[in-house]
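Start at 1 with the first residue, then count along the sequence. Hydrogens, waters and symmetry mates are skipped; everything else that's a heavy atom, side chains included, is used. First listed ligand is number 1; within each ligand, the first listed atom is number 1.
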Amino acid sequence: MSYTIEEIADSINAGRIGSNDATIDWLLTDSRSLAFPEETLFFALSSKRNNGAKYIADLYTRGVRNFVVDKPTLKNKDIDTADYPLGNFLVVPDVLKALQKLADCHRSQFDIPVIGITGSNGKTVVKEWLHQLLSPDKNIVRSPRSYNSQIGVPLSVWQMNKDNELAIFEAGISEVGEMRLLQKIIRPTIGIFTSLGGAHQENFFSMQEKCMEKLTLFKDCEVIIYNADDELISNCVSKSLISAREIAWSKVDKERPLFINSITKEKDYTQITYTYLGMLNSFRIPFVDDASIENSLNCLGACLYLMMPSEKISARMAHLDPIAMRLEVKEGKNNCVIINDSYNSDLVSLDIALDFLYRRSQDKMLKRTLILSDILETGQSTTNLYRRVSQMVHSRGIEKIIGIGNDLASVASRFHIEKYFFADTTSFLKSDVCRDLKNEIILIKGARSFEFERISEELVAKVHETILDINLNALVDNLNFFRSKLNSKTKTICMVKASAYGAGSEQIAKTLQEHRADYLAVAVADEGSELRKAGITSSIIIMNPELTAFKTMFAYKLEPEIYNFHILESLIREAEREGVTNFPIHIKIDTGMHRLGFNPDELPLLIKRLKEQTAVIPRSIFSHLAGSDSAEFDDYTRSQIAVFEKASTEFQEAFSHRVLRHISNSAGILRFPEAQFDMVRLGIGLYGVNPVDNSILQNVSTLKTTILQIRNLAASETVGYSRNGKLTRDSRIAALPIGYADGLNRKLGNGNFYCLINGQKAPYVGNICMDVCMVDVTDIDCREGDQVIIFGDGLPITTIANKLETISYEVLTAVSSRVKRIYFQD
Ligand SMILES: *Cc1c(COP(=O)(O)O)cnc(C)c1O
């Protein structure tokens, strides 16, 4: 649906500057995601650290003409509307509120059932499953992916159009007060409360407060669906005075509206019988885990309320598909990078995936390729649909398209790039086009019936079953968490040394660059040049520059740390020989760490030397704290800071240009806010560990493997080398394809520690071998092929580090390079 700019100005009560005609179809909040400039309205959202108005100039040159800005932005002259004669500016007191108001007005146009889903886990799965269950009969609009925030919800609601018969939206909150705002935008008529976990708990007074807050979503619902066996939810619902009908389900209380008589788990499905309105019925789902069962019961409640016949429910439940919520980046054969998006194939998710591809492809050496299937189930005309698709494909810089399916083939002429079309997946897999894929970054996106998993299997390099899973959203959350502790002008250096603390520097650096880290720092020049080759353009500091690598540093503009006269002289000599001038360097002084650095009393000589040459120029001066994580050393830390304050001031006074000052690492940021100076150096915190109390912020890295083999052994047997694994009972022993050569410390063997299998602790039995280890799974319901967590989600890295009497830094960086890194974002 589109609106004229006048209509929008009216509905958000905006003042207007510029009187150009415009029709708006798309709302944009992140300038990097632009696809359709002419029909886009950009909301210049500002946060403490960033002002969206900064991007207006760039967007204008890319063709965007319509902007929502706030009054302070104009008052402070952050932009001058006179510079944009073709633009329309809608001026409001608060840009986020305006976005929400617009969604609210849009929502008012519709009088259809709207399902609102909240809870800590399972929101997206329930939403997608409901879509699978209901979409054969109804035209449904739903939140893309997990768009459930203060910004995501308005963008989701904006997708509603006249053809829709049902809407399904998620709502997620992180602070008290937010749900009320989301309720006003979604206005659900059917509410589903999935489950209540611990996420974001830090901002809540108590679980109860959190639960009550979430329930405000259901204020005006006709019905709410929830697990009555969850006491907290159940109590809060009674207290909340919501007058809605309830479809509360229970496995124990027959008086509840939906009674679950039995749940029977078989090998690969679960059979569920239930009583509703006095009728006994049953269905099965092709899953056996508890979370899936709970999600299916919430879906059941909604289907029953919508009066779906029980035969239909059971026919459709039996075919529920698993929900893959991740965009995965994997290494492919022939130097390809594979981006796998098995998420539902629809226009919005295609747009998100293309945007992701575009941002990941700064490396100009790789061709941007899209493998796309026909888009099913959209309810739009083919012409309209593929006109959109071709616009997206062209605007995201795709260079080659491989279309699979007859619809795509019929619109081949719309694509003005290298193109190939196939009737089905099999004929593509057999073709030369498939065989010849080389040096490309490939997005694979297909509707389920096209079985694109066969394509990714073919293209992805075979991996060892052991992988390190890297959550890029968590990394960004951690970055933002630390940024929230900084003054608005303080810059951030993100440490990506040691292969980004084991997470893999290239993809991590790309993500950090995208989120505008001011600097990146690595240990040696080669790490820096690898990043440059991968398309990283941020400033990069080399912490331990080698005397032999200056040429590399000049060639790739890698800025060395300089810690003594010897290295300074060598660098100046080399720079003069190469004709390099004003090369940026970073001066390190020793204030008490006693590792590397100039002594403060050497500064006068250093200043003199720097002033008599032009080959290099100091861009920053810094020092490193020896014990910022511990109160025990606070006096020492304060004296380091004082020495640094004095020395760096003396240094700055000698130069007319600004020299940035920095001393804090992750722990310093948290414990010494007064020592932020101009920059901070953020390391371990980015990767999810709070160095002060060893808690986990958002977990980034999870080391995972799978069960290779399970055997039953009698109590008299032993397991592994030197017969060290002595059994004391008849046991089930599982072998896992991970050993000390992968970074699994041998000291963890012989019952000293455990891994997690299906959420339960499986102790290591006997000695850990080079490539394999064995664990006791006697008490665990598991089978060959099941996933195993060595550390990460559910098993904090800090617990392993404590056991090994070391620090999480060592455990993270010990994961060997043969373990494949897989990156994902929700
Ligand atoms: C590694 C490193 C950091 C980052 O320290 P964290 O404790 O990981 O935050 C900061 N400064 C220097 C000089 C470093 O070598």
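In this structure, Lys803 fails the cation-pi test against Phe753, since its NZ or CZ atom is not both closer than 6.0 Å to the six-membered ring centre and inside 45 degrees of the ring normal. Because its NZ or CZ atom is not both nearer than 6.0 Å to the ring centre of Tyr519 and within 45° of the ring axis, Lys491 does not count as a cation-pi partner of that residue.
The protein non-hydrogen atom at the shortest distance from atom 12 (C) of ligand 1 is His624 CE1, 3.4 Å. If you check which protein heavy atom lies closest to atom 13 (C) of ligand 1, you get Met543 CE, 3.4 Å. Nearest protein heavy-atom neighbour of atom 5 (O) of ligand 1: Asn665 CB, 3.5 Å. Of all protein heavy atoms, the one closest to atom 9 (O) of ligand 1 is Ser666 OG, 2.5 Å. Protein heavy atom at the shortest distance from atom 7 (O) of ligand 1 is Tyr809 OH, 2.6 Å. At the shortest separation from atom 4 (C) of ligand 1 among protein heavy atoms lies Tyr501 OH, 3.5 Å. For atom 11 (N) of ligand 1, the closest non-hydrogen atom on the protein side is Arg681 NE, 2.7 Å.
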Just do the salt bridge (charged side-chain N to carboxylate O under 4.0 Å, His left out) check on Lys533 and Glu506 with the steps written out, would you?
-> CA-CA 10 Å; Lys533 288 179 200 157; Glu506 180 180 329; over 6 Å; no
After noting the C-alpha distance and the side-chain angles of Glu578 and Lys551, does the key distance pass the salt bridge (charged side-chain N to carboxylate O under 4.0 Å, His left out) rule?
-> CA-CA 8 Å; Glu578 297 282 320; Lys551 276 211 183 70; 3.7 Å; yes
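Residue contacts with ligand 1: Lys588 is placed with no nitrogen or oxygen under 3.5 Å of a nitrogen or oxygen of the ligand (distance criterion only). Note: an N/O pair closer than 3.5 Å links Gly683 and ligand 1 by distance alone. Polar contact check, Met495 against ligand 1: no nitrogen or oxygen pair lies under 3.5 Å apart.
Within the structure, ligand 1 has Lys497 among the residues with a heavy atom less than 4.0 angstrom away.
At a 4.0 Å heavy-atom cut-off, ligand 1 touches Arg595 through the side chain alone.
A side-chain N or O of Ser628 and one of Asn665 form a donor-acceptor pair less than 3.5 Å apart. For the residue pair Thr706 and Glu465, no side-chain donor N or O sits within less than 3.5 Å of a side-chain acceptor on the partner.
Under the side-chain hydrogen bond (donor to acceptor under 3.5 Å, both in side chains) criterion, Thr637 pairs with no residue at all, not counting sequence neighbours. Thr806 pairs by the side-chain hydrogen bond (donor to acceptor under 3.5 Å, both in side chains) definition with Glu810, not counting sequence neighbours.
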